[in-house]
Amino acid sequence: MWPSMSNASNGNQGLKGYNLILLDDDDCHVHAFIYADNWKHHAEKIEEGSVYIMSNFYTKQSNGSLKPASSSILINFSPSTSVQKVEEDDFMIPLHKFEFVDLSDLFNLETANANIEFPEFSTDVIGVLEDFEYVSKIKIVYGEKKIVKFRITDGRHSHKVTVWEALATKTDAAYRAIEEQPNTKEPIIVIISSTKLRTFRNSVQINTLPSSKIYLNLDNEVVTAMRQRLNEEGYVQLERTISPTTQIKNVSAPAIETLTLKELSERTSSDYLKRSFLCKVNVKNVEQNDSWWYNGCHKSKCNEEVSKLEGKYRCFKCTRNYPLPQKNYPILCSDETDKAYPAVVKELSGRDIIVQIELNDDNILLSSTVYHATDAYQSVICTSSKSETTISSFGASAFGDNNLIEVSDTSTTPGNLKRKIASNSFAVLESVRKNLEKISF
DNA sequence: CCCCCCCC
């Protein structure tokens with residue numbers, strides 16, 4: 001069983017329903033889905049591993065990719081579906097059914113999948129667990145995720161596995177439990193069900209899906225058979241390092257590609273939607289009218305100007321009212337360095353900054369060159385070493401209590417790694433930082 | 001109305 005959650009992008013986060021894999025005494029298995037509305041009728045009743053008589057449901061052709069069972073039927077529960085628990089299992093229904101693919105076939109399978117848009121079925125694998133890496137957090141484009149990594153091998157072929165989120169925590173706990181047992185000399189046999197294959201640098205990697213399960217040393221004849229195969233083939237297991245690491249390590253964020261504004265304007269394929277890029281730009285002008293800011297909408301990603309209406313500020317695009325407007329600061333940037341810039345109007349004018357830009361619908365669909373910046377960094381010329389020095393972290397260290405900006409020196413001259421930024425320029429930077437999410441240029 | 005993509 002596993003829940004299906006609705007996408008955050010729908011703005012509608014919540015339970016869509018529950019998925020079940022149903023297995024009968026004929027070793028047939030079928031994917032079933034119970035919509036959230038119907039789920040409450042059955043929530044307490046249905047437990048993984050128990051036997052039920054289920055009647056009065058409807059069936060249809062399953063569609064979609066990465067189906068968790070190799071059957072074309074999907075069972076849907078309706079409000080009138082009845083579920084009756086069978087206390088004594090006279091039917092001898094096994095607890096599990098797997099459809100393993102040999103590790104040697106994964107590459108061909110993944111290659112075949114790559115030729116269609118999405119693979120129709122997910123993949124089950126079995127092997128020895130090696131090179132276990134305890135749970136850690138990694139930064140991805142949209143935030144942070146917990147992962148566990150290890151390798152799965154049959155002694156001949158070995159593949160990298162990445163386990164995501166809740167299943168990572170569970171797998172970590174299961175692995176530690178085995179390591180804490182007194183006799184842990186035997187290889188750990190791992191079963192990973194319902195995985196997604198992916199090729200990275202010419203080798204197949206295994207990723208978990210919401211429907212995935214991981215079993216370590218499952219009490220099942222397939223595990224016994226796997227051990228036998230390993231013995232016959234003379235598998236020698238690697239020394240398992242028992243690491244006391246309990247802390248969550250942080251892996252640094254992936255490098256973000258740096259583009260010129262022209263290159264950025266050419267990234268109009270939908271693949272780039274919500275992707276972030278860095279642009280090294282020069283601030284040509286800070287637009288000044290009455291003031292250098294305008295009253296904008298609070299909603300992130302909305303740069304609309306709000307109108308004052310009966311004391312409150314209304315965004316007509318988002319049809320929302322706010323007690324106070326968000327101050328937005330439009331600036332104009334160019335990366336053409338040979339242009340003469342207008343006289344300094346505001347502190348930012350003429351400065352080289354690096355902006356992090358997240359491409360939005362307008363950039364992709366309408367080829368708009370009004371970009372939404374989500375972060376900013378400032379290039380600094382370090383006069384003492386005559387080498388270019390860049391503020392490496394504009395975030396926490398820049399605006400921590402000590403008002404220090406940490407800079408990294410590209411020439412790696414010792415003793416030149418940190419310098420203080422005068423507090424007056426800091427104040428300017430802070431105002432940019434605070435309002436940058438709303439800067440259009 | 002089920003099916004994710006995400007890291008190196």
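Note that this is a predicted model, so its numbers are computed, not measured. Proteins get letters first, then strands, A, B, ... in listed order; numbering begins at 1 in each.
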Handout entry: 5' priority, DNA chain B, between A/Lys160 and A/Pro210 [closest heavy atom]
Key = A/Pro210
Problem - With sequence neighbours excluded, residues passing ring pair (Phe, Tyr, Trp, His ring centres under 6.0 Å) with A/Trp164 - result: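 Listed in chain order: nothing, the list is empty.
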Using a 4.0 Å heavy-atom cut-off across all strands, classify [X] as base, sugar-phosphate, or nothing.
X	value
A/Lys67	nothing
A/Asn207	base
A/Glu165	nothing
A/Leu66	sugar-phosphate

Of the options [options], whose atoms approach the side-chain atoms of [X] most closely?
X	options	value
A/Ser62	B/dC8, B/dC1, B/dC2	B/dC2
A/Leu209	B/dC2, B/dC4, B/dC5	B/dC4
A/Asn63	B/dC3, B/dC7, B/dC2	B/dC2

Considering just the side-chain nitrogens and oxygens of [X], establish if one lies under 4.0 Å of OP1 or OP2 belonging to [N].
X	N	result
A/Lys60	B/dC1	yes
A/Lys196	B/dC5	yes
A/Lys16	B/dC2	yes

[X] [atom1] to [N] [atom2]: how many Å, rounded?
X	N	atom1	atom2	result
A/Leu167	B/dC4	CG	P	14 Å
A/Asn19	B/dC4	CG	P	9 Å
A/Asn38	B/dC1	CG	P	14 Å
A/His159	B/dC7	NE2	C1'	19 Å
A/Ile138	B/dC5	CD1	P	15 Å
A/Glu144	B/dC6	CD	C1'	13 Å
A/Ile140	B/dC5	CD1	P	12 Å
A/Leu15	B/dC2	CG	C1'	13 Å

Problem - Any A/Val135 side-chain heavy atom under 4.5 Å of A/Ile147 side chain - result: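 Result no, sub-4.5 Å side-chain heavy-atom pair not found.
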Handout entry: Under 3.5 Å donor-acceptor pair, A/Lys145 side-chain atoms to B/dC6 base atoms
Key = yes
Practice task
Indicate whether A/Phe118 forms a stack on B/dC3; treat it as stacked only if centroid distance is below 5.5 angstrom and interplanar angle below 30 degrees.
Solution key: no
Handout entry: Aromatic-base stack, A/Phe200 on B/dC8, cutoff 5.5 Å, angle under 30
Key = yes
Practice task
Any ring-ring contact (aromatic ring centres under 6.0 Å, His included) involving residues 51-81 of chain A? Give me the pairs, sequence neighbours left out, ordered by first then second residue.
Solution key: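 Non-adjacent pairs meeting ring-ring contact (aromatic ring centres under 6.0 Å, His included): A/His42-A/Phe77.
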Exercise for the section: Give a yes or no on this: more than 12 heavy atoms of other residues, nucleotides or ligands lie within 6.0 Å of atom CZ of A/Arg229. Expected result: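 Yes, the 6.0 Å shell around CZ holds more than 12 heavy atoms from other groups.
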Exercise for the section: Give a yes-or-no answer on whether the side chains of A/Asn76 and A/Lys60 include a donor-acceptor pair shorter than 3.5 Å. Expected result: yes
Exercise for the section: Kindly assign one of parallel, tilted or perpendicular to the pair A/Phe100 and A/Phe98, based on the angle between their ring planes and the thresholds 30° and 60°. Expected result: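 Judged by the thresholds at 30° and 60°, the geometry between A/Phe100 and A/Phe98 is parallel.
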